[in-house]
Amino acid sequence: MTDRPLIADDGPTSARIVIIGEAGGSAEQAQLKPFVGPSGWRLNEWLAQAGVSRNQCYITNVVPFQPPGNDMKKVPNDELATWIDRLHEKLAALHDPYVLVPTGNVALRALTRAKDTITQARGFIQTYTDANGRIVKVIPVIHPAATFRTPYWQRRCQLDWRRIADEASHKRLDLWQAEHVTRPTIGDLYDYTEEVVKRSDVALSVDIETWGRRISCVGFAQSDKLSVTIPTTLSYWGNQTTLDEVWQVIRALCASDAPKALQNGLYDAYWLADFDVSLRNYRYETHGMHHALDAADDHNLAYMASTELRMMPWKHIPKDSDASFKDAPSDELQRAFDGTRKDMLAIYNGIDCCVQWKLADIFEPRLKRAGLWNLYETHYVQMLKPLLAMMRHGIAVDEEARKKRYEVFRSKIDTLQDGLLAATNGIDLRGAPNKKRLAAGKFRDLSSKKIVSWLYDTMRIPKQISRATGSVTADEIAIRKAILKYPKVAPACELILEHRRTKMLTTFLDVGRLDADHRLRSSYSFSPETGRLSSSKNPKGGGSNGQNVDREIRVIFVPDDDCIFVELDESQAEDRIVKVLASQVDGVSAQRQQELLWRARAQPWENDEHIRAATTIFRVSPEAVTKPQRYIGKRARHAFNYAMRGMTFSEQLLKDGYIYTPGACQGYLDGIDRDVPEVAMWHKAIRIEILKRKRLVNDWERVLDFTWDRMDDDTFRRAYAFIPQSSVPSILNQYGMIPLHRAIRANGWRAAINVNGHDSLLI
Ligand code: URA
């Protein structure tokens with residue numbers, strides 16, 4: 001045990017709120033009082049905002065001293081266990097606590113059995129049974145120190161402290177509860193459908209669960225009090241005829257007039273379409289509603305529920321109906337599910353349905369009050385049908401071309417691996433053989449660990465540290481730097497890079513990514529804070545990101561029979577928007593404004609900003625600009641528009657195989673600055689705007705909130721990028737994707753949208 005003086009607990013033992021920290025820091029160790037350093041100051045702020053006075057709280061720590069080196073890992077496990085026992089004894093000795101508040105993971109683990117991290121558990125209400133058998137509410141919160149690193153978590157901390165203040169005013173648990181029908185009869189389903197059809201003005205929430213590549217149930221809720229989960233397995237209904245009838249009912253429910261509410265519903269809709277189920281009047285997309293309210297926040301269902309609803313966490317419920325519920329975060333939750341083990345997946349689904357319903361109910365008036373309903377309807381609801389159609393349609397792959405390409409890459413991998421073995425004098429940099437991969441005919445991949453060890457231990461070149469993670473790395477930039485500086489490793493490093501790139505390309509050609517009809521299907525969702533779409537594998541686990549397919553791979557894509565590809569491309573769109581914004585800043589002369597606006601509006605054949613940039617950088621005439629020079633010009637223009645510095649620009653170019661020093665890169669950026677000095681003026685205007693108003697709004701009323709951001713260069717760069725990056729996809733979708741989708745449907749054209757690539761559509 002430690003011989004350090006112990007930090008005493010602080011506050012009355014009769015307090016209703018008990019705050020449990022991890023361990024003291026240097027300020028606490030010096031004063032022998034908890035939370036008196038920087039974490040304490042932040043905690044005091046939250047307490048004050050929630051209207052809680054610090055001396056109304058009992059404040060303690062799991063470990064009542066500063067651990068060696070301020071590192072909790074240096075407290076031996078057996079010693080930690082003893083301190084945890086003492087904590088339980090102290091809690092049992094308190095007079096009558098109403099709410100226990102573990103701050104951070106260590107305190108959370110000391111109180112509950114759950115494996116959740118603090119970011120998953122925070123805000124939910126759990127229970128703790130003390131040594132006297134008293135049941136006390138537990139509301140975990142993020143540790144104040146974590147918000148120094150991640151400032152936007154402060155918002156959720158403030159919300160959580162408001163909840164703690166409310167909960168400390170009474171002892172009641174009475175958390176939100178609903179009834180979940182999990183074993184309906186076919187008669188129940190008809191009755192329920194009749195009800196839903198009658199109440200067509202009330203939203204109907206829908207959610208599917210998939211298990212083992214099949215839909216195992218479809219849940220519905222038309223309130224936050226009752227859900228009906230319909231199993232869709234033959235084993236439940238006993239015969240195919242009844243199961244067919246069940247699907248008819250599901251079809252009727254989804255086709256009812258009631259507006260539908262789903263969370264990430266394109267996932268569900270994609271699966272349901274296999275059963276000819278379509279969602280009529282899909283008006284509430286809870287992820288999208290929350291995204292429209294605050295794009296920079298998180299939008300998963302559990303997070304939204306944790307901030308909006310008084311409830312226990314439910315995402316631990318194992319989806320496998322045979323699994324036992326070992327990790328319930330509290331006895332209370334364990335009891336709630338005892339006896340219903342077999343129906344856990346259905347209960348999970350029912351909770352999701354009710355939570356979705358309630359969130360839609362909360363977000364609709366909030367969007368309307370904030371004047372954001374129109375944004376939500378226009379940019380989210382109207383996109384749902386075109387997106388689903390595009391996801392389902394996918395893009396055809398020429399099987400012969402795919403196979404040929406794959407063979408070319410496979411044999412290239414073999415050649416590269418032979419070459420690499422020679423270049424390392426026989427040291428094998430491949431990972432251990434993976435039986436599954438080899439059985440599937442896949443090659444043995446290189447091991448990053450072995451590459452790190454070969455470079456820095458065997459070849460003894462100086463270690464490179466990743467700026468992002470702070471650990472030793474052999475990432476692309478590190479390898480490129482090694483090629484430049486250390487000739488003895490250069491040949492092997494060249495092969496490693498080529499191997500990585502080839503491997504990346506083969507993954508696009510993996511037949512496992514294609515559906516049986518040889519089409520590649522992707523999913524799309526509204527996740528980035530700019531409102532761009534992000535793309536990834538499709539809801540059934542096949543396909544891949546459809547937006548960033550390498551040019552070397554695109555040859556495998558072919559138009560549908562009797563069709564041609566048409567690509568609609570917003571040429572240099574982001575830069576045009578930057579030009580318009582730069583032309584509008586104070587102090588730009590009328591003549592210069594006209595000039596910038598002309599550059600923003602010119603046709604591609606009248607003006608090419610990338611060539612202009614290249615002429616400034618390489619001091620050549622526009623006619624003499626080569627393709628690689630134009631490419632560097634394009635990258636420099638883009639880098640400058642968003643205030644990138646020479647060092648980062650040089651690293652970015654290095655990734656693409658272009659070697660320019662940070663100094664040279666800064667020179668290029670300065671050149672662009674001389675070409676359009678108004679961009680720096682616009683940056684300044686943006687900085688002033690977010691310092692003053694803490695938010696930016698684009699022409700489509702999309703808002704980005706900066707209330708919780710540290711005002712540093714990274715935040716400023718996000719701010720410069722926001723309006724151009726959020727406007728480009730809005731223009732594409734409002735003037736391209738949505739009207740085109742409608743025209744195709746209305747006119748019965750034999751056409752389809754295959755890919756949405758932020759600033760382009762492949763049709
Ligand atoms: N962090 C803690 O967890 N406890 C303190 O007392 C101070 C900082």
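Order of appearance sets the numbers: ligands from 1, and atoms from 1 within every ligand.
Side-chain atoms of His180 and Tyr348 form no donor-acceptor pair, as typed in the model, at a separation below 3.5 Å. Side-chain polar atoms of Gln158 and Gln49 form a donor-acceptor pair below 3.5 angstrom. Side chain to side chain, Thr147 and Gln154 fail the donor-acceptor criterion of an N or O pair below 3.5 Å.
Close approach to Gly21 involves these atoms of ligand 1, each under 4.0 Å from a residue heavy atom: 3 (O). Numbered from 1 in the order shown, with element, the atoms of ligand 1 that lie under 4.0 Å from a heavy atom of Asn61 read 2 (C), 3 (O), 4 (N), 5 (C), 6 (O).
Checked against the 6.0 Å centroid criterion, the rings of Phe148 and His143 do not qualify as a close aromatic pair.
Among the atoms of Pro34, none of the N or O lies under 3.5 angstrom from an N or O of ligand 1. Ligand 1 has no nitrogen or oxygen under 3.5 angstrom from a nitrogen or oxygen of Thr103. The shortest N or O to N or O distance between His143 and ligand 1 is under 3.5 Å.
Ring orientation note: the planes of Tyr303 and His290 are nearly perpendicular, at an angle over 60° on the 30°/60° scale.
A side-chain hydrogen bond (donor to acceptor under 3.5 Å, both in side chains) with Lys90 is found for exactly one of Thr60, Asp85, Thr13, namely Thr60.
Contacts with ligand 1 closer than 4.0 Å are made by heavy atoms of both the backbone and the side chain of Glu22.
In terms of protein heavy-atom proximity, atom 5 (C) of ligand 1 is closest to Ala23 O, 3.4 Å.
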